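The block underneath contains the structure these notes are about, expressed in structure tokens.
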Amino acid sequence: MGNLLCCVQVDQSTVAIREQFGKFDSVLEPGCHCLPWMVGKRIAGHLTLRLQQLDVRCETKTKDNVFVTVVASIQYRPLAGKESDAFYKLTNTRSQIQAYVFDVIRASVPKLLLDNAFEQKNDIAKSVEDELEKAMSAYGFEIVQTLIVDIEPDEHVKRAMNEINAAARMRVAANEKAEAEKIVQIKRAEGEAEAKYLSGLGIARQRQAIVDGLRDSVIGFAENVPGTSAKDVMDMVLITQYFDTMKEIGASSKSSAVFIPHGPGAVSDVAAQIRDGLLQGHSAAAGRH
């Protein structure tokens, strides 16, 4: 209907290319335009001014011979004032951009090691953008942004990299665990040594207290009971303790006892041993003084 009325409508963010007898005539902006087809004028086509995006997947290899797939995202649009060049000069704009991206990536990535390729994604994107900007401006297109959105190594390479990383982390964890166990063992040994030292000190003090108590008891008893020797008092004390011990063993319902030949007469042997120990202790103390 628009052609019959010699009018044409151009949508927003779009321009129309008008020809007259097959030759470029003008660029029609969005809106309604008169198109006198009787004088050979017609619409050759439309060109969008919207920002377009093209994702390019390029397979290449790095300097250390690892095959990777580089994914580049190219954002482009026609240059203002060069809509006719953008419409006429290229048959397939997307294929042309893809060819330039392949060329730059396959020239840049093989110079880098795999780890460096990941670290220098921005440098690769800048190289692609500079090359595209220089090439595509002659065809009436502006390169707005170029991004390297992904670098995908071969699946076997990714698995190997993950295993290397996991092994390194396990090695660090094992070292930390061993260091922690070492500290625990050292602290446990120090605690056991301190406990044994304190236990020995307590036993020594206990025995010293027993000896001092027996000595004081023997001396006090001998002074209060005339005619009693220290030997008699010691024998009596030991016999009393002997029978107290036997009473404790017999009174406990859950006691486990081993019966050995014994008798009150054996107390004299124990008393003799204790007396000898006391005399030796006194002799040693006198020698120190």
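Everything numeric in this text was worked out from a predicted model, so none of it was measured.
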Test of understanding: clusters of I, L, V, M, F, W, Y form through side-chain heavy atoms closer than 4.5 Å, transitively. Do Val15 and Tyr88 belong to the same one?
yes
Under a single-linkage definition using a 4.5 Å side-chain heavy-atom cutoff for Ile, Leu, Val, Met, Phe, Trp and Tyr, are Tyr139 and Val101 assigned to the same hydrophobic cluster?
yes
CZ-CG distance between Arg94 and Leu54, expressed to the nearest 0.5 angstrom:
4.5 Å
Tyr100 reachable from Ile124 in the ILVMFWY side-chain graph, under 4.5 Å edges:
yes
Does Val109 reach the side chain of Leu112, with side-chain heavy atoms less than 4.5 Å apart?
no
Residue pair Lys121 / Ile151, side-chain heavy-atom distance below 4.5 Å:
yes
Are Ile43 and Val10 grouped together when hydrophobic residues (ILVMFWY) are joined by side-chain heavy atoms under 4.5 angstrom apart?
yes
Nearest-0.5 Å distance, NZ of residue Lys89 to CG of residue Asp85
4.0 Å
So which atom in Gln12 and which in Arg50 form the shortest heavy-atom distance, rounded to 0.1 Å?
O-NH2, 4.1 Å
Test of understanding: with salt bridge (charged side-chain N to carboxylate O under 4.0 Å, His left out), list the residues that count as partners of Lys134, not counting sequence neighbours.
Glu131
Hey, quick one: are Phe118 and Val128 part of the same hydrophobic cluster, counting side-chain heavy atoms closer than 4.5 Å, chains of contacts allowed?
yes
Where Phe102 and Arg57 come nearest, the two heavy atoms and their spacing
CE2-O, 3.3 Å
I'd like to check Phe67 versus Glu59 (side-chain heavy atoms, cut-off strictly below 4.5 Å). Are they in contact?
yes
Glu133 (side chain) donor-acceptor with Ile143 (main chain) under 3.5 angstrom:
yes
Other residues, nucleotides and ligands only: do more than 12 of their heavy atoms fall within 6.0 Å of CG on Asn175?
yes
For a 4.5 angstrom cut-off between non-hydrogen side-chain atoms, does Asp11 reach Gln9?
yes
Determine whether Leu28 and Val8 make a side-chain contact, defined as any pair of heavy atoms from C-beta on separated by less than 4.5 Å.
yes
Report yes if some heavy atom in the side chain of Phe141 is under 4.5 Å from a heavy atom in the side chain of Leu79; otherwise report no.
no
As an exercise, state the distance from OG1 of Thr62 to CG of Asp115, rounded to the nearest 0.5 Å.
9.0 Å
Taking the side chain as every heavy atom from C-beta outward, state whether Gln53 and Ile74 have any atom pair closer than 4.5 Å.
no
Within the distance-only criterion (no hydrogens, no angle test), does the side chain of Glu83 pair as donor or acceptor with the backbone N or O of Gly81 below 3.5 angstrom?
yes
Pair Val144-Tyr76, side chain to side chain contact (heavy atoms under 4.5 Å, CB included): steps then yes or no
CA-CA 5 Å; Val144 178; Tyr76 65 98; 5.8 Å; no
With rounding to the nearest 0.5 angstrom, report the CD to OG distance, Glu19 to Ser84.
11.0 Å
Mind listing the closest non-hydrogen atom pair of Phe87 and Ala44 along with its distance?
CZ-O, 3.8 Å
For the residue pair Ile186 and Ile183, establish whether any side-chain heavy-atom pair is separated by less than 4.5 Å.
no
For Cys32 against Cys7, the heavy-atom pair lying closest together:
SG-CB, 4.2 Å
Given side chain to side chain contact (heavy atoms under 4.5 Å, CB included), test Thr146 with Gln75 step by step and report yes or no.
CA-CA 6 Å; Thr146 300; Gln75 298 174 352; over 6 Å; no
Around atom CZ of Phe21, are there more than 12 heavy atoms from other residues, nucleotides or ligands closer than 6.0 Å?
yes
Report the distance from atom NZ of Lys41 to atom NE2 of His33, rounding to the nearest 0.5 Å.
12.0 Å
Test your reading of the model: is there a side-chain donor-acceptor pair from Asn92 to the backbone of Ser95, 3.5 Å cut-off?
yes
Determine the minimum heavy-atom distance between Ser13 and Pro30, stating which atoms define it.
N-CG, 4.1 Å
Inter-residue atom distance Asp25.CG - Gln20.CD, 0.5 Å rounding:
5.5 Å
For Lys82 and Ser137 the tightest heavy-atom approach is NZ-O, 3.8 Å
Paired with Cys58, the side chain to side chain contact (heavy atoms under 4.5 Å, CB included) test is passed by just one of Val68, Ile105, Val104, namely Ile105
Using the rule given for side chain to side chain contact (heavy atoms under 4.5 Å, CB included), can you reason through Val27 versus Arg18, listing the C-alpha separation, both sets of side-chain angles and the distance that settles it, and then say yes or no?
CA-CA 6 Å; Val27 175; Arg18 185 173 64 182; over 6 Å; no
CA sep, side-chain torsions, deciding dist, call: Leu47, Thr14, side chain to side chain contact (heavy atoms under 4.5 Å, CB included)
CA-CA 6 Å; Leu47 181 68; Thr14 305; 5.9 Å; no
